[in-house]
Amino acid sequence: MLFNSVDFAVFLPIVFILYWFVFSKKAVQQNAVILIASYVFYGFWDWRFLILILFSSIVDFLIGKKLGEISNVSKRKLLITISIVINLGLLGFFKYYNFFLDSFTAAFTFFGSSISADRLNIILPVGISFYTFQTLSYSIDVYRKKLEPTPNFLAFSSFVSFFPQLVAGPIERATNLLPQFYKKRIFSYDKAVSGVQLIVWGFFKKIVIADNASIIVNGIFNNYENQSFESLLIGAFLFSFQIYGDFSGYSDIAIGTARLFNIDLMTNFKFPYLSKNIGEFWKRWHISLSTWFRDYVYIPLGGSKGTLLKSIRNVGVVFIVSGFWHGANWTFIFWGFMHAVLYIPLFIAIKKRKTEVKKSNAIVNGFKIVSTFILVMFSWIVFRSLTITDAFNYISRIITFSTGGDFYASTSKYLIITGITFCSIFFLIATEFYNDKKGRVETYFNSYFLILLCLLTAFLGAIKNHADFIYFQF
């Protein structure tokens, strides 16, 4: 079920009424409503994959319970290994089987041999990368004794499948979300209002910016060989805001929807395109994923402890694994590698304490923000391209000032859409800049601003050309 669908517009009020007015007396009733609603929400895509969610829930619930009963080190290691193998095994099969198969056969072809291998027609379960990491983190935290195992399967299942963030995050930690299902929730008017505000802001970013941008971006990237360098720059710029509007918009809608049920989710984006360097960008972009890799990959590898070379290795591993998490394509791996290359010099400078923390004037800060955005924008070209060759060719046409067509201005319709998108992006940047200066981590709204957003979304949104959320594929 899509947030930007009629189905969800009917679904949400029904769940809200059942949750607060029919089954609100006890936490167990509220959790039951959440669990059933979450399974209905996910089942709208393909009910068969509900078995996977249920299976993951049962496995990690039982392993967590067993970890709480056993003190023997070897047996505890065996249990957590089972959890890791099962969770990553399912993720690897559904998401990466054909990728590894194709890479394996291509390697043999490269060395002059040929082998035949049949690809499987595997359907990727929506959101499997998200809920797999969520259940896995629970087992790891219990294993590390940072969290007590829960005896409440209903609460645990609600934590795993909570519908607002089930398919595209934020990737929640059990330490934050699970305890909220232990107690009865009481309706909070203020929290509900802030939730509605975030939902509206998320829809603006998704429908007005991301969906409009996708029309121009698809036209340019699908025919980049015949586009001028100006058109290619516009395509890269618009995709940068398409993926941001799409993904952060989803996070805003998810966080806002959760607040309607008096449940708090973690902040996933903090105005990332206002970052002054790549390190700051990754503290503001997809925070739930970057902190997950920090806690469960980077630190176990040794983190920044040990020699500089080992620390650099750990950083590189995290970025490359992060890229691979996004999809079964070499473009995602190379995208992760690019960010590692961009981040490591800053990391070395910080580790050697060659950087000084000092305030810069507005001009210097502006230059840093623009420079960081340009680096990120060019990395998005690799992310969006079908192959690494396509990405290099796309970038090559930009830096050689190639001539060609201008898809964005090829018809009056596309020119108007481009104009609407650019104006909306300017509005977004101005709003985020203002709120960032105020020290806020999310956009603040008053009633007039909310009305304006509703009008802009209604009149400027790509309602008839709405697209799926990009991160559903991951």
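Everything numeric in this text was worked out from a predicted model, so none of it was measured.
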key: Cationic N near anionic O, under 4.0 Å, Lys206 to Asp252   =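 So Lys206 does not pair with Asp252 through a salt bridge.
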Is the backbone N or O of [Y] less than 3.5 Å from a side-chain atom of [X], with the two atoms forming a donor-acceptor pair by type?
X      : Y      : value
Asn4   : Phe203 : no
Thr132 : Ser129 : no
Ser371 : Lys368 : no
Asn262 : Lys191 : no
Tyr414 : Ile215 : no
Tyr19  : Phe261 : yes
Asp436 : Glu432 : no
Arg397 : Gln227 : yes
Glu280 : Ser275 : no
Asn314 : Gly303 : yes

Restricting to non-hydrogen atoms, name the atom on [X] and the atom on [Y] that form the minimum distance, rounded to 0.1 Å.
X      : Y      : answer
Pro164 : Ala254 : O-CB, 3.1 Å
Met266 : Thr291 : CE-OG1, 4.3 Å
Tyr138 : Ala174 : CD1-CB, 3.7 Å
Leu346 : Gly279 : CD2-N, 3.6 Å
Ser240 : Met377 : OG-CG, 3.3 Å
Lys270 : Val441 : CE-CG1, 4.0 Å

Taking the six-membered ring for Trp, are the ring centroids of [X] and [Y] within less than 6.0 Å of each other?
X      : Y      : answer
Phe334 : Trp330 : no
Tyr42  : Phe49  : no
Phe241 : Phe426 : no
Trp285 : His339 : no
Phe221 : Tyr394 : yes

From [X] atom [atom1] to [Y] atom [atom2], the distance as rounded to the nearest 0.5 Å:
X      : Y      : atom1 : atom2 : answer
Leu177 : Gln165 : CG    : CD    : 6.0 Å
Ile287 : Leu289 : CD1   : CG    : 11.0 Å
Ser424 : Ile417 : OG    : CD1   : 11.5 Å
Leu238 : Asn218 : CG    : CG    : 11.0 Å
Ile253 : Leu12  : CD1   : CG    : 11.0 Å
Ile209 : Leu460 : CD1   : CG    : 10.5 Å

message = Among Phe319, Phe130, Trp335, Tyr296, which residue satisfies the ring-ring contact (aromatic ring centres under 6.0 Å, His included) criterion with Trp325?
response =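 Result: among Phe319, Phe130, Trp335, Tyr296, Phe130 is the only option passing the ring-ring contact (aromatic ring centres under 6.0 Å, His included) with Trp325.
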query = So among Phe383, Phe293, Trp380, which one has a ring-ring contact (aromatic ring centres under 6.0 Å, His included) with His326?
reply = Phe383
Taking the side chain as C-beta and beyond, is there a heavy-atom pair between [X] and [Y] under 4.5 Å?
X      : Y      : value
Tyr224 : Asn393 : yes
Leu52  : Phe94  : yes
Leu178 : Glu172 : no
Leu428 : Tyr244 : yes
Phe3   : Ile199 : no
Arg384 : Ile243 : no
Phe55  : Ile86  : yes
Leu166 : Ile53  : yes

request  = Go through the steps to decide whether Ser231 and Asp406 satisfy the test side chain to side chain donor-acceptor pair (under 3.5 Å), and finish with yes or no.
outcome  = CA-CA 5 Å; Ser231 182; Asp406 295 317; 4.6 Å; no
key: Check against side-chain contact (heavy atoms from CB on, under 4.5 Å), Leu91 and Phe133   = CA-CA 10 Å; Leu91 180 61; Phe133 272 29; 4.1 Å; yes
query = Which word best sums up how the rings of Phe347 and Tyr298 line up, parallel for under 30°, tilted for 30 to 60°, or perpendicular for over 60°?
reply = perpendicular
ask   = Aromatic rings Trp201 and Phe204: how do their planes relate, parallel, tilted or perpendicular, breaks at 30° and 60°?
value =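 Parallel.
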key: Ile363, CD1 atom: more than 12 neighbouring heavy atoms under 6.0 Å   =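 Not more than 12 within 6.0 Å, no.
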ask   = Who are the side-chain contact (heavy atoms from CB on, under 4.5 Å) partners of Ser251, not counting sequence neighbours?
value = Phe247, Asn268, Phe269
task = Applying side-chain contact (heavy atoms from CB on, under 4.5 Å), name anything that partners Asn435, two or more places apart in sequence or on another chain.
result =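 side-chain contact (heavy atoms from CB on, under 4.5 Å) check on Asn435 returns Phe271, Thr431, Arg440, Thr443, Tyr444.
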request  = Test side-chain contact (heavy atoms from CB on, under 4.5 Å) on Val167 and Tyr131 and set out the steps.
outcome  = CA-CA 7 Å; Val167 296; Tyr131 67 74; over 6 Å; no
ask   = Have Asn87 and Thr135 got a donor and an acceptor in their side chains that come within less than 3.5 Å?
value =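 Yes, because at least one side-chain N or O of Asn87 sits under 3.5 Å from a partner of the opposite role on Thr135.
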ask   = Between Val318 and Trp282, is a side-chain contact (heavy atoms from CB on, under 4.5 Å) present by the stated rule, with each step listed?
value = CA-CA 12 Å; Val318 167; Trp282 280 104; over 6 Å; no
task = Mind running ring pair (Phe, Tyr, Trp, His ring centres under 6.0 Å) on Phe44 and Phe11 for me, showing each step along the way?
result = CA-CA 11 Å; Phe44 258 69; Phe11 168 84; 7.4 Å; no
request  = With sequence neighbours excluded, tell me which residues meet salt bridge (charged side-chain N to carboxylate O under 4.0 Å, His left out) with Lys276.
outcome  =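 So Lys276 forms no salt bridge (charged side-chain N to carboxylate O under 4.0 Å, His left out) with any residue.
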inquiry  = Quick one, Ile216 with Gln242, criterion side-chain contact (heavy atoms from CB on, under 4.5 Å). Give me CA distance, side-chain angles, the key distance, then yes/no.
reply    = CA-CA 10 Å; Ile216 307 303; Gln242 178 195 351; over 6 Å; no
request  = Would you sort out whether Ser402 and Thr400 count as a side chain to side chain donor-acceptor pair (under 3.5 Å), showing the intermediate values?
outcome  = CA-CA 5 Å; Ser402 298; Thr400 56; 3.1 Å; yes
